[in-house]
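To keep things clear, I will list the structure first and then write my remarks on it.
In what follows, every chain begins at residue 1, and chains take the letters A, B, ... in the order their sequences are listed. We use all heavy atoms of the structure for the numbers below, so side chains are in, but hydrogens, waters and symmetry mates are not.
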Amino acid sequence: MLEINNLKKQYGSAIVLNIPELNIPKGQSFGLVGNNGAGKTTFFNLILDLIRPTSGYVMNNGVKVNESEEWKYKTSAYLDESFLIGYLLPDEYFYMLGDLRNWSKEKVDSFLVDFDELFNGEILETKKYIRDLSKGNQKKVGVVGALIGDPELILLDEPFANLDPTTQIRLKKLLVKIVNDEKKTVLVSSHNLNHVTDVADRIVVLEKGDIIKDLHTNEQTLKELEEVFNVE
Amino acid sequence: MNYSSKYLIGLELKEFFRSRRFAKRIVLKILVVFAYLYFGLVAILMGVVGYYAIKEELPEENTFLFGNRYLLYFFFIFFILYLFLSPSPSMKVRPLMILPIKKKRILNYFLLKLNLNYLSLFAFTIISSYTVVLFLNEKSRMGVLLWFFSVIAVILSLVFIALLMEKSYKVIAIVVVIFAAIFGLKHYGILDIPDLSGRIFYSIYENPWLSLVAFGFLTLVFVYTYKWMMSRFYLDGALKVKSEKVLDIKLSWLDRFGTTSIFLKNDIRMILRNKRPRKAALFSLYFLLYGFWVFGFDTNNTSPNIFKLLFGSMLITGGFLFSFGNYVPAWDSEYIRLFMSQNIKYSQYLDSKWWLMVVSVIFLSILSIPFIYYGVDKYLLILAMAVFNIGFNSYLVLIGGLFNDSPIRLSEKVKAFQNTQGFNINSFLLGMLRLLLPILVYYLAHKYYTDNIGLLLLVSIGLIGVLLKSKIMSYIEGLYRKKKYSLLESFAKEE
């Protein structure tokens, strides 16, 4: 699905990301962990062609993201609030994304039925603009919005932050389900090692722009990760 | 001046000097300073000339008494302007709340700063220079001095009342009732405002102890404002940012326009639901009124000024085009990263913006039908300018918008003299081009040939532009593609 080739991002003399090679096959759930400044968000921005790489490239589904826009049909993302449109009602936001991804209103409606539990009656038909929702509810809108329109690749930056414990557990189940049942590729970044190990089959640890660990998740993974980050 | 006040002022200065694009804007800041100086001079002249003009024109009247007759109108105009322009600088109180600075200090500072706005300073300057002249001409210096302080007290009180109006419906109701009562009494001839005004303020001069009433009023308003703010000095009190009521209108009828409609719907919602774009849209109506003013003057005047006519007739239909189009990608800056990672084609995006502007020009041309009253030739000029706006200026505006790379915070109010977001020399030059070119084209035809050739030229340029739309739009699309990364970067930055 994703091929990273000699990808490098540099600001002045500071290298913020340097990935010589990385392949993420289709249907993998990929976890990205690292301390602040490790380059997680930079990596996501590069995959989405929101910033220009200093050198190298990202191939998404066979096309270079900075040369063709074909990848946009199959890719969706929720990185932060700038992916929301504050003055829309959540319903309108979902319909708009549906419009852009060729889903009819009816299809969006039937898709949203599954999220009633997650939304907890605080999102749909509440007559509240997205900008007036709480941070947690905004995140729910963004994450669910990123699932609309059958994308094959989904990027989520810190999806568990700001969510209440119940929703965190629900979201984890949801992500596991779409990877296992629907064969989607999901990239998740998080500061919470527990969550990542629960969700991802593969976990990559970034430190100051470099990949320092590439693990396939098993019983030992959490421990191993804790050791990486345990600085005495 | 104690430590914490110094600290507060220091924060303000840092906010100013460390703001992004500070260097870029320095030219504009200098211009603003000149504007302040100019208006300061105007204010002084108004004060000085005002007095001598009355004396000259009406030598038999008591000059000071006569001036006082219009003081209530002065206050009224000041108050209305203050409410509309809301010139007082905003202050970021939130981060100060849990710092070890006494609430009292923050609040005092806030209330002081409220009065240091350009409108109040303008009013103070007029009154001060007027007072200096009074000092030289009137007998009782004590009277003049206390009169001066009373007038200042009224201006200060009005600013506090305006603040309360922003926060409380009760105060709005009281103010509206008082104004309605005054206008009602005036309408039925019970109240003679100039007479009342003259009497009140001249009696302060004659009996200086009456100024205590004005001081008392100010004290009352100040204490009330202070207490009111103090008791609500919480995030859910006076500092709360009010969330707007949801404005839900059916836009599904737009769906027939295909992908363009996705953005059209979005743009209409954006304009209706956010303060800044709403203001930009309202601006276009001001331009329409400006047109009435230009043409209205023209019928009374014997010699019509051709430039003023041309300028007016272009702005009548182009108001929205200019006030909205000039910030085209910037309006979407808050969520530009979403748009850029969706399967959105630039051409669709730009197309919807173009259509929105075209529709606005057509709509404003219809609204301007009453201008036929000033002559069919005038209306034809307006229509020719409308075609020019559609076929030429619309593209220029879209290109100019690209240079405005400052993000727009949609829900923030714009303030006059602070609307420096996105000022850029390139977009300024493009702006001049789209204003001056049609005027020049028409003027040359008017001077060397006939007016009809001028009209024909404007319409032809417009029509050619419409015919070449797909070519021009794909050129603009290319420009957008090139600017993508730098726009994304600068839109992500806070001001």
Check step by step if salt bridge (charged side-chain N to carboxylate O under 4.0 Å, His left out) holds for Arg481(B) and Glu69(A). CA-CA 11 Å; Arg481(B) 235 175 253 287; Glu69(A) 291 188 67; 2.7 Å; yes
Interface moiety of [X] toward chain B, non-hydrogen atoms closer than 4.5 Å:
| X | answer |
| --- | --- |
| Ile51(A) | backbone |
| Leu89(A) | both |
| Ser76(A) | neither |

Under 3.5 Å, side chain of Arg337(B) to main-chain N/O of Phe83(A), donor-acceptor pair present?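 No; judged by distance alone, with no hydrogens or angles, the pair does not exist.
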Given that the side chain runs from C-beta out, which part of Gln342(B) has a heavy atom under 4.5 Å from chain A: side chain, backbone, both or neither?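 Contact with chain A is through both the backbone and side chain of Gln342(B).
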With a 4.5 angstrom heavy-atom cut-off, could you sort out which part of Ile344(B) is near chain A: side chain, backbone, both or neither?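 Both parts, heavy atoms under 4.5 Å.
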Mind checking whether [X] and [Y] have side chains closer than 4.5 Å, heavy atoms only?
| X | Y | result |
| --- | --- | --- |
| Leu50(A) | Glu489(B) | no |
| Leu88(A) | Asn266(B) | yes |
| Arg52(A) | Lys484(B) | no |
| Asn343(B) | Leu100(A) | yes |
| Tyr485(B) | Asp49(A) | yes |
| Ile262(B) | Tyr95(A) | no |

Pick from Lys265(B), Arg269(B), Met340(B): which one has the most heavy-atom pairs with chain A under 4.5 Å?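 That would be Arg269(B).
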So how far is it from Ile336(B) CD1 to Ser82(A) OG, rounded to the nearest 0.5 Å?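 Answer for the CD1-OG pair, Ile336(B) versus Ser82(A), is 10.0 Å.
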Mind checking the CZ-OG spacing from Phe44(A) to Ser341(B)? Nearest 0.5 Å is all I need.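 Reported to 0.5 Å precision, the distance equals 12.5 Å.
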Using a 6.0 Å cut-off, check whether atom NZ of Lys74(A) has over 12 heavy atoms from anything other than its own residue.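 No, the 6.0 Å shell around NZ holds no more than 12 heavy atoms from other groups.
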Within a radius of less than 6.0 Å around NZ of Lys128(A), do more than 12 heavy atoms belonging to other residues, nucleotides or ligands occur?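 At most 12 heavy atoms, drawn from other residues, nucleotides or ligands, come within 6.0 Å of this atom.
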Any chance you could lay out the side chain to side chain contact (heavy atoms under 4.5 Å, CB included) test for Ile85(A) and Phe339(B), step after step, and finish with the verdict? CA-CA 10 Å; Ile85(A) 302 182; Phe339(B) 273 16; 3.9 Å; yes
I'd like to verify something: which residue of Thr75(A), Leu97(A), Asp80(A) has the highest number of heavy-atom pairs under 4.5 Å with chain B?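 Of Thr75(A), Leu97(A), Asp80(A), Asp80(A) has the most heavy-atom pairs under 4.5 Å with chain B.
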Quick check for you: among Glu92(A), Glu81(A), Lys105(A), which has the greatest number of heavy-atom pairs under 4.5 Å with chain B?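 Ranked by contacts with chain B, first place is Glu92(A).
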Tyr335(B) side chain to Tyr87(A) side chain, donor-acceptor N/O pair below 3.5 angstrom: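 Tyr335(B) vs Tyr87(A): donor-acceptor pair found between side chains.
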